[in-house]
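Structure record follows, encoded as structure tokens.
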Amino acid sequence: MQPQYEPSVVEAEAQAFWADRRAFAVKEDPNRQSYYCLCMFPYPSGRLHMGHVRNYTIGDVITRFLRMQGYNVLQPMGWDAFGLPAENAAMKNGVPPAKWTYENIAYMKRQLQSLGFALDWDRELATCQPEYYRWNQWLFLKMLEKGIAYRKTGVVNWDPIDQTVLANEQVIDGRGWRTGAPVEKREIPMYYLRITDYAQDLLDALNDMPGWPERVRAMQANWIGRSEGVRLSFPYELGGEQRLLSVFTTRADTLMGVTFVAVAAEHPLATYAAQSNPQLAAFIEECKRGTAQEAEIALMEKKGMPTGLFVDHPVSGERVPVWVGNYVLMTYGEGAVMGVPGHDERDFAFALKYNLPIKQVIEVAGAEPAFTDQQWHPWYAEHGTLIHSGKYDGLDYQQAVDAIAADLKAKSLGDKHVQWRLRDWGISRQRYWGCPIPLIHCPKCDVVPVPEEDLPVVLPEGLVPDGSGNPLNKTPSFLDCKCPKCGGPARRETDTMDTFVDSSWYFLRFASAKNDKAMVDERANYWSPVNQYIGGIEHAILHLLYARFWTRVMHDMGLVKVQEPFQNLLTQGMVLNDIYSRRTGEGAIEYFNPADVTVQVDAKGARIGATLNSDGQPVEWEGMRTMSKSKNNGVDPTKLVEQYGADSVRLFMMFKAPPEDTLEWSDDGVEGASRFMRRLWRMVHEHVTAGLVSGAVSGELTDEQRNVRRAAHSTLQKVTDDLGRRRVFNTAIAAVMEFMNTLSKFEDQSPQGRAVRQEALELVVQMLSPIVPHAGHALWRALGHSDPLIDHPWPQPDPAALVRDSIDVVIQVNGKLRSQITVEASATEQQIREAALADSTVQKWIEGKPVRKVIVVKGKLVNVVV
RNA sequence: GCGAAAGUGGCGGAACUGGUAGACGCGCUGGAUUUAGGUUCCAGUGGGUAACCCCGUGAGGGUUCGAGUCCCUCCUUUCGCACCA
């Protein structure tokens with residue numbers, strides 16, 4: 001054994017050993033309990049960032065721990081390889097996206113391997129490979145057959161930078177989720193998947209997913225957004241024709257308080273009115289621009305303009321004016337709302353601003369202050385009893401809704417309705433680097449699906465986009481084809497699929513790797529569902545909801561047995577680092593990497609300032625944020641591995657914070673982890689150089705030997721629980737560190753003492769091995785074992801070692817800690833009570849006061865109440 | 001505004017079931033080794049106090065023999081969603 005810990009040597013050796021044996025390639029084995037541990041696969045952007053390292057280390061610790069516990073563990077890895085950055089890189093460097101992507105994959109794969117993750121590389125896939133995406137196409141055609149996929153022309157979100165349509169879910173604050181560009185509205189034919197057909201099921205199932213964080217379930221439920229109400233229509237006449245203006249409301253009880261109706265700028269009625277009203281047309285244009293651009297700014301300003309049109313109240317028949325409102329969303333409900341200023345805060349403000357009547361129709365008993373049309377009070381929006389509502393007067397909320405819905409239904413002007421916030425998933429993208437949608441446009445036969453036997457429609461890989469739209473449109477070898485129906489000349493569809501399609505089922509493909517006859521096979525049922533899924537919270541809605549939907553579709557087609565793809569979900573926290581900056585002359589800000597900055601501290605170690613190493617001048621600390629290029633606070637994993645070794649990096653990341661919390665990067669912390677590794681190595685080395693002994697401890701032990709053994713086995717108990725049930729790794733590592741502090745004070749060199757130390761070190765190495773597997777591998781061999789540690793069963797605590805003959809009991813007087821006594825482990829409650837009261841310190845505290853009550857918590861504490 | 005989570009030393013965090021607050025690590029202080037720096041090792045490190053002790057988990061109340069943990073009110077921060085009808 002080397003006296004010095006040299007991570008580069010140790011790690012290269014262990015990695016070669018595992019690779020030679022193909023140690024992590026797993027086979028389906030019905031006789032063994034399967035466990036599928038999956039980390040969200042990376043986009044091959046070029047290099048790994050620390051978030052990846054954290055993500056995959058968490059997965060690796062779980063994988064290795066469960067493997068030692070006897071599970072047949074699958075941990076695969078692949079590449080979410082289609083997407084826009086490859087096209088951007090292509091435009092910048094003139095390199096085809098395919099080349100760029102495959103080069104990145106090769107580099108990142110080496111990085112992953114250098115970190116020693118226990119991955120089954122035999123199952124590796126990249127979503128840009130035809131062997132993978134042909135099954136996207138295949139299932140898309142099946143969905144088309146079943147009507148789950150459909151074509152629709154409609155108003156869509158248009159990203160002017162990406163030149164592409166965004167799904168509703170991909171618009172964040174009116175901006176493209178990747179480009180940040182203000183989203184415009186456009187009409188375009190595209191393909192949708194009927195995720196709304198599954199809305200109820202996707203929502204209901206959330207209640208039965210205890211393995212998911214409450215937070216993520218709440219986010220999904222909000223996103224799906226079920227609301228119950230009434231859909232009703234206001235009749236009107238236009239050009240001599242009877243028409244209906246529909247709205248949805250959750251407050252049908254306030255129907256008699258309607259004094260106006262507001263429609264979205266994109267609403268057909270608004271468009272019609274604008275034809276003869278240039279002022280209104282201008283306002284509508286402003287709204288269309290405004291909503292996109294000013295999502296953050298225009299929070300309060302509610303603007304509107306009358307259309308000059310009127311509709312009839314569906315119950316009273318009164319004429320109600322129609323307004324265009326900038327606060328009405330075309331994408332939700334009917335694109336129109338009924339205005340009830342008396343009982344909706346937004347409508348109230350709107351009515352006040354434009355002098356529309358405000359009518360009270362709900363009374364809330366005891367509500368203060370009294371209703372006035374001058375000032376809004378929160379109680380106006382509460383449920384109550386109807387007034388000024390004719391025959392509905394006196395009804396409560398539910399009675400009113402029921403009665404009004406029934407009356408509307410009788411007139412064919414409305415009914416109860418469930419409205420969803422969730423919209424169907426538009427998957428068409430006007431982009432090159434994605435999975436081609438397998439359709440053919442024939443001048444005679446319209447849109448014709450590519451026959452199954454002609455799949456895959458292969459994406460040509462050599463094209464270089466130049467920013468002027470999809471290069472497929474300029475590639476006759478791709479475009480030109482024959483119509484499968486009539487055999488005439490036809491044009492191939494050039495739209496590609498949203499990359500969320502690719503990631504919606506890759507986990508099932510890992511489990512059916514390399515099958516060129518079917519999308520998935522029986523192996524998927526062996527491994528499914530994914531027992532532990534690990535990834536960032538940023539995927540809480542989009543990816544996870546789409547994957548749940550897609551899996552259900554596959555289930556309903558009889559392809560897989562599961563409906564819910566992910567049994568347990570762990571959303572790991574972000575990795576943060578300090579941000580240092582300086583204001584340069586022209587108001588610009590220059591950022592400095594924390595590695596180039598020295599922090600000044602006071603005598604207690606508190607931060608008082610920071611200076612730049614190169615010039616010694618102060619820099620400003622802006623707090624901690626996620627690592628990013630723009631803030632120049634990134635850390636390169638490969639450099640770290642070279643400097644400290646993969647094990648120290650892994651150890652630091654697992655030790656610094658619980659997996660779900662944010663992790664604050666610190667160079668000192670990695671130093672600390674590295675110090676711990678050297679210390680562990682030294683302890684084993686010192687022990688081993690004195691000659692190997694068996695760790696099988698038997699016979700009489702001294703008190704000290706027994707204490708060390710007990711500490712070792714109770715540490716094992718805690719670590720097993722932390723890694724297994726609790727899934728927190730920082731406390732497991734802390735427990736081992738604590739035990740090592742005990743062990744380093746144990747100097748007994750007798751044969752029995754050395755056997756105790758041998759056993760203790762073996763346990764330490766085993767307990768840490770899921771976290772620091774390379775050092776674990778080397779130290780296990782140094783301790784005299786020829787079997788590889790990865791195949792060694794996880795140790796069991798020895799019950800005999802855990803037995804105590806005496807227990808320390810703390811004593812409180814009136815709830816304040818006053819003393820401590822040691823009692824026999826077998827002592828009865830009565831004996832503990834007597835011993836506590838007899839204690840001299842306790843005597844002093846209760847002197848002269850009557851003892852009112854004595855509470856004994858067995859094995860822990862006594863509280864004397866005086 | 002709605003939903004979720006969180007506020008504990010100089011810092012990251014621990015305290016899992018209501019039972020010794022601050023485990024473990026970083027940083028800092030002192031010492032030993034070293035020509036020096038680094039490494040390594042030893043000791044100390046919540047605040048107040050000479051000490052006995054007292055005070056301490058965002059603020060204020062409550063329940064309890066006992067509260068960081070449970071309940072109520074409030075404040076702050078973070079994350080997600082949001083003119084959602």
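Atom set for the values below is all heavy atoms of this structure, side chains included, hydrogens, waters and symmetry mates excluded. Please read these numbers as outputs of a predicted model, since none were measured by experiment. Every chain is numbered from 1, with letters handed out A, B, ... down the list of sequences.
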Any donor-acceptor pair under 3.5 Å from [X] side chain to [Y] backbone:
X	Y	answer
A:Asp722	A:Arg726	no
A:Thr254	A:Gly257	no
A:Asp347	A:Pro341	no
A:Thr689	A:Glu686	yes
A:His313	A:Val315	yes

What is the nucleic acid contact for [X], judged by heavy atoms within less than 4.0 Å: base, sugar-phosphate only, or nothing?
X	value
A:Ser666	nothing
A:Arg675	sugar-phosphate
A:Arg727	nothing
A:Val601	sugar-phosphate
A:Lys718	base
A:Pro213	nothing

Using whole Å, what does the distance between atom [atom2] of nucleotide [N] and atom [atom1] of [X] come to?
X	N	atom1	atom2	result
A:Leu232	B:rA85	CG	P	15 Å
A:Met219	B:rU78	CE	C1'	13 Å
A:Ile224	B:rC84	CD1	C1'	15 Å
A:Leu651	B:rC24	CG	C1'	12 Å
A:Phe348	B:rG1	CZ	C1'	18 Å
A:Gln600	B:rC11	CD	P	18 Å
A:Glu345	B:rA85	CD	C1'	14 Å
A:Leu329	B:rA82	CG	P	10 Å

Quick one: is [X] getting a side-chain N or O under 4.0 Å of the [N] phosphate, OP1 or OP2?
X	N	answer
A:Arg678	B:rU40	yes
A:Asn730	B:rA23	no
A:Arg217	B:rG3	no

Inset, instruction - Applying side chain to side chain donor-acceptor pair (under 3.5 Å) between A:Asp721 and each of A:Lys718, A:Gln717, A:Arg725, report the one that passes. - result: A:Arg725
Legend entry - Carboxylate-amine/guanidinium contact A:Arg217 A:Glu214, below 4.0 Å: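 A:Glu214 and A:Arg217: salt-bridged.
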So, [X] versus [Y], ring centres under 6.0 angstrom or not?
X	Y	answer
A:Phe350	A:Phe260	yes
A:Tyr354	A:Trp323	yes
A:Phe652	A:Trp665	yes

Inset, instruction - I would like to know whether A:Asn730 and A:Met654 meet side-chain contact (heavy atoms from CB on, under 4.5 Å); could you show each step before the answer? - result: CA-CA 6 Å; A:Asn730 56 330; A:Met654 295 301 97; over 6 Å; no
Legend entry - Syn or anti conformation of B:rG9, syn meaning chi within 90° of 0: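 Chi for B:rG9 falls in the syn range.
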Legend entry - A:Arg346 vs A:Asp661, nearer the 5' end of RNA chain B by closest nucleotide: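 It is A:Asp661, whose closest nucleotide lies nearer the 5' terminus.
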Legend entry - First of A:Asp668 and A:Asp808 reached from the 5' end of RNA chain B, by closest nucleotide: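 That would be A:Asp808.
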Legend entry - Helical stems, RNA chain B - three or more consecutive Watson-Crick or G-U wobble pairs below 3.5 Å: B:1-7 with B:75-81, B:10-12 with B:24-26, B:27-32 with B:40-45, B:46-48 with B:53-55, B:58-62 with B:70-74
Candidates [options] - which lies nearest the side chain of [X]:
X	options	value
A:Phe655	B:rA85, B:rG13, B:rG25	B:rG25
A:Trp845	B:rC53, B:rA85, B:rC16	B:rC53
A:Leu861	B:rA85, B:rC41, B:rG19	B:rG19
A:Asp721	B:rA85, B:rC16, B:rC53	B:rC16
A:Ala734	B:rA23, B:rC81, B:rC83	B:rA23
A:Asn222	B:rC54, B:rG80, B:rG19	B:rG80

Legend entry - Rounded distance [0.5 Å steps], CD1 in A:Ile58 versus CD1 in A:Ile771: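 Reported value, rounded in 0.5 Å steps: 11.5 Å.
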Legend entry - Nearest-0.5 Å distance that lies between atom CG in A:Leu545 and atom CD1 in A:Ile224: 5.0 Å
For nucleotides [N] and [M], find the distance between their [atom1] atoms and express it as a whole number of Å.
N	M	atom1	answer
B:rC16	B:rC2	P	32 Å
B:rA15	B:rA67	C1'	13 Å
B:rG46	B:rC11	C1'	13 Å
B:rU8	B:rG13	P	9 Å
B:rU33	B:rC55	P	44 Å
B:rG30	B:rG37	P	13 Å
B:rC41	B:rA6	C1'	40 Å
B:rC54	B:rU64	C1'	23 Å

Inset, instruction - Inspect the surroundings of CD in A:Glu747 and state if more than 12 heavy atoms from other residues, nucleotides or ligands are less than 6.0 Å away. - result: no
Sub-3.5 Å pairs of nitrogen or oxygen atoms, protein against nucleotides 65-68 of chain B:
unit_1: B:rC65; atom_1: O2'; unit_2: A:Asn863; atom_2: ND2; d: 3.3
unit_1: B:rC65; atom_1: O2; unit_2: A:Asn863; atom_2: ND2; d: 2.6

What's touching nucleotides 4-10 of chain B from the protein side, N or O pairs under 3.5 Å?
none

Legend entry - Residue pair A:Arg231 / A:Asp415, side-chain heavy-atom distance below 4.5 Å: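 Counting from C-beta outward, A:Arg231 and A:Asp415 never come under 4.5 Å.
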